[in-house]
Amino acid sequence: MLVLLEKGVSEGVVNDVAARLRMFGLSVHRTDHEGQVRLGAIGDRVPVDWEAARRWPGVAEIRRIPVSFKLVSREFRPRDTVISVGRCAIGGEQLALMAGPCSVEGEEQVFRIAEAVARAGATIMRGGAYKPRTSPYSFQGLGEEGLKILRRAADAHGLAVVSEVLDSQQVPLVARYADILQIGARNMQNSALLREVGRGEKPVLLKRGPACTIEEWLMSAEHIVSHGNSQVILCERGIRTFETYTRYTLDLNAIPVVKELSHLPVVVDPSHGTGIRNKVAPMARAAIAAGADGLIIEVHHDPDHALSDGPQSLYPEQFRELVEQIRAIAKVLGRRV
Ligand code: PEP
Ligand code: MN
């Protein structure tokens, strides 16, 4: 339920209404909108007399939230969520450009790519130190050593860091080095992991599972937000369809759909979405034109020798050129890089 309080009520009244709601076993989440306090009251263990609640002091209106995801819905929070990370705010006027290698492979590689992507205009460096791989015989990542390298390289170039966390026990370790915790597509419905990052304070980049609907994706975001962490960035990275020419089918429909349903920022990963280097830039441009709040793109200076995802990695010059195109598209939309 959404409990709208009268405009201008004191904090004492807000606390009072929240306390009454909690007495019914409801969890209470607050958001403020145009001078009005809105309380999302979640739970259904104890029946509540909502007719009586409408007459509680300070209550203006009570509405049902008509969708299964509550706290991430526009009904709960009409205004866009903007997440501050380093010198960038994700979900506002500025587009978030995240770029870097698929995997952290070593010091020289990461420093070289960090310099290139920072110079091109990226503000967030990506790189996996713990890699989810289809084959157990493929490179699994450098672990903590990789996170240290990534942090140093990002700091040297004024970039924030996004890196994947594979399981719930890993959260504190990855959170020590990364500014944004990436939940990979394979883990989108790992509820233990969602709960753990939900209890933390670091922003979360939640990739869409390749076989998951938009509603399931938003429900995974709801898991995180319901545990207290409202800083979730959704990432469309392609879904599995009957089409095999590209690695996945990048679902750009999801951008305007999610923008309507949810207040959370949405970024697009055209690297995994296409799996083909020369398809990355067109889909990146399309994603921004469709209203995405940013991009996450794999970049490698020597993709033929990359330890993962070389065929979909842009050369640094290609990334630089793409950023210039994105800059032009952003301008038309009243946004900026
Ligand atoms: C990645 O970002 O390198 C990655 C493994 O992505 P996804 O989880 O989308 O496959
Ligand atoms: Mn990858």
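From a predicted model like this one, the values you see are computed outputs, not experimental measurements. What's counted below: heavy atoms across the whole structure, side chains too, no hydrogens, waters or symmetry copies.
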**Request:** Give a yes or no on whether Glu243 atom CD has more than 12 heavy-atom contacts from other residues, nucleotides or ligands under 6.0 Å away.
**Result:** yes

**Message:** side-chain contact (heavy atoms from CB on, under 4.5 Å), that's the test. Do Cys88 and Ile124 meet it? Break it down for me.
**Reply:** CA-CA 8 Å; Cys88 150; Ile124 301 166; 4.0 Å; yes

**Request:** Take atom CD of Glu321 as the centre, draw a 6.0 Å sphere, and report whether it contains more than 12 heavy atoms from other residues, nucleotides or ligands.
**Result:** no

**side-chain contact (heavy atoms from CB on, under 4.5 Å) between Glu164 and Leu166, worked out** = CA-CA 6 Å; Glu164 177 160 358; Leu166 277 186; 3.4 Å; yes

**Asked** So do the side chains of Val117 and Phe319 get within less than 4.5 Å of each other, counting heavy atoms only?
**Response** yes

**Asked** Quick one: do Met125 and Val299 end up in the same hydrophobic cluster if we chain Ile, Leu, Val, Met, Phe, Trp and Tyr together by side-chain heavy atoms under 4.5 Å apart?
**Response** yes

**Request:** Could you please spell out the steps behind the side-chain contact (heavy atoms from CB on, under 4.5 Å) verdict for Asp304 and Asp302?
**Result:** CA-CA 6 Å; Asp304 288 345; Asp302 185 12; 4.2 Å; yes

**Request:** Grab the two heavy atoms, one from Ala99 and one from Ala122, that are nearest each other, plus how far apart they are.
**Result:** CB-CB, 4.3 Å

**Message:** Same cluster or not: Ile296 versus Val268, using hydrophobic residues (I, L, V, M, F, W, Y) connected whenever any side-chain heavy atoms lie under 4.5 Å apart?
**Reply:** no

**Message:** Under a 3.5 Å distance rule, please check whether Arg133 uses its side chain to pair with a backbone N or O of Phe139 as donor and acceptor.
**Reply:** yes

**Candidate list Val280, Leu295, Ile326, test side chain to side chain contact (heavy atoms under 4.5 Å, CB included), partner Arg285, passing option** = Ile326

**Item:** His301 versus Pro316, closest heavy-atom pair with distance
**Value:** CA-CD, 3.8 Å

**Prompt:** So if you build clusters from Ile, Leu, Val, Met, Phe, Trp, Tyr with side-chain heavy-atom gaps below 4.5 Å, do Val72 and Met188 land together?
**Reply:** yes

**Request:** Is it possible for you to say whether Val37 and Phe76 belong to one hydrophobic cluster, with membership spreading through side-chain heavy-atom contacts below 4.5 Å?
**Result:** no

**Request:** Look at Glu222 together with Lys70 and state whether they make a salt bridge at an N to O cut-off of under 4.0 Å.
**Result:** no

**Request:** Could you tell me whether a side-chain N or O of Arg74 sits under 3.5 Å from a main-chain N or O of Lys259, the two making a donor and an acceptor?
**Result:** yes

**Prompt:** Picking from Arg336, Lys331, Arg335, what satisfies salt bridge (charged side-chain N to carboxylate O under 4.0 Å, His left out) with Glu93?
**Reply:** Arg336

**Request:** Evaluate the side-chain contact (heavy atoms from CB on, under 4.5 Å) criterion for residues Arg87 and Leu159: first the C-alpha distance (whole Å), next the side-chain angles of each, then the deciding distance (0.1 Å), finally the verdict.
**Result:** CA-CA 8 Å; Arg87 56 192 171 90; Leu159 299 166; 4.3 Å; yes

**Asked** Are the side chain of Arg38 and the backbone N or O of His33 linked by a donor-acceptor pair below 3.5 Å?
**Response** no

**Request:** Could you tell me whether the side chains of His29 and Ser27 share a donor-acceptor contact shorter than 3.5 Å?
**Result:** yes

**Item:** Between CD on residue Gln231 and OG1 on residue Thr81, distance to nearest 0.5 Å
**Value:** 9.0 Å

**Item:** Check: Leu71 and Ser230 side chains under 4.5 Å, non-hydrogen atoms
**Value:** no

**Asked** In Å, rounded to the nearest 0.5 Å, how long is the span from CD of Glu236 to CG of Asp251?
**Response** 5.0 Å

**Residue pair His272 / Asp309, side-chain donor-acceptor N/O under 3.5 Å** = yes

**Fill in**
Rounding to 0.5 Å, atoms CD1 (Ile62) and CG (Leu2) come to a distance of 9.0 Å

**Request:** Enter the distance from Lys207:NZ to Ser220:OG here, rounded to the nearest 0.5 Å.
**Result:** 15.0 Å

**Item:** Smallest separation among heavy atoms of Leu252 and Ala286, with atom names
**Value:** CD1-CB, 3.6 Å

**Message:** Is the ring pair His157/Phe111 parallel, tilted or perpendicular, if the boundaries are 30 and 60 degrees?
**Reply:** perpendicular

**Message:** When you measure from the side chain of Arg126 to the backbone of Pro101, do you find a donor-acceptor pair of N or O atoms at a distance under 3.5 Å?
**Reply:** yes

**Message:** For a quick test of reading the model, state the closest non-hydrogen atom pair linking Ala153 to Val110 and the distance between them.
**Reply:** CB-CG1, 3.5 Å

**Item:** Flag, side chain of Gln109 to backbone of Ser103, donor-acceptor distance under 3.5 Å
**Value:** yes

**Item:** Side chain to side chain, Phe69 and Leu261, heavy atoms closer than 4.5 Å
**Value:** yes

**Message:** With no hydrogens and no angle check, just 3.5 Å: does a side-chain donor-acceptor pair link His300 and Glu105?
**Reply:** yes

**Prompt:** Any chain of hydrophobic side-chain contacts (each under 4.5 Å) joining Val82 to Ile224?
**Reply:** no

**Request:** Side-chain contact test, heavy atoms from C-beta onward, threshold under 4.5 Å: evaluate it for Val59 versus Glu6 and give yes or no.
**Result:** no

**Asked** Got a donor-acceptor contact below 3.5 angstrom from the Asp293 side chain to the Val267 backbone?
**Response** no

**Request:** Report yes if some heavy atom in the side chain of Val323 is under 4.5 Å from a heavy atom in the side chain of Leu97; otherwise report no.
**Result:** yes

**Prompt:** Does Leu194 reach the side chain of Leu206, with side-chain heavy atoms less than 4.5 Å apart?
**Reply:** yes

**Request:** Measure from the side-chain N and O atoms of Asn190 to the backbone N and O of Asp167, and report whether any donor-acceptor pair falls under 3.5 Å.
**Result:** no

**Request:** To the nearest 0.5 angstrom, please state how far the CG atom of Asn187 sits from the CD atom of Gln189.
**Result:** 10.5 Å

**Asked** So, do Arg151 and Asp155 sit near enough that their side-chain heavy atoms are less than 4.5 Å apart?
**Response** yes

**Asked** Quick check: are there more than 12 heavy atoms from other residues, nucleotides or ligands sitting under 6.0 Å from CD of Glu317?
**Response** yes

**Heavy-atom side-chain proximity of Glu34 to Arg79 below 4.5 angstrom** = no

**Message:** Tell me which one of Arg112, Lys148, Arg152 satisfies salt bridge (charged side-chain N to carboxylate O under 4.0 Å, His left out) with Glu107.
**Reply:** Arg152

**Request:** Could you tell me whether the side chain of Thr246 and the main chain of Thr249 form a donor-acceptor pair under 3.5 Å?
**Result:** no

**Request:** Any chance you could measure Met23, atom CE, to Leu21, atom CG, to the nearest 0.5 Å?
**Result:** 9.0 Å

**Asked** Sub-3.5 Å donor-acceptor pair from the side chain of Arg320 to the main-chain atoms of Ala116, do we have one?
**Response** no

**Item:** Any donor-acceptor pair under 3.5 Å from Arg208 side chain to Cys235 backbone
**Value:** no

**Request:** State plainly whether the residues Glu298 and Arg237 are in salt-bridge range, i.e. N to O under 4.0 Å.
**Result:** no

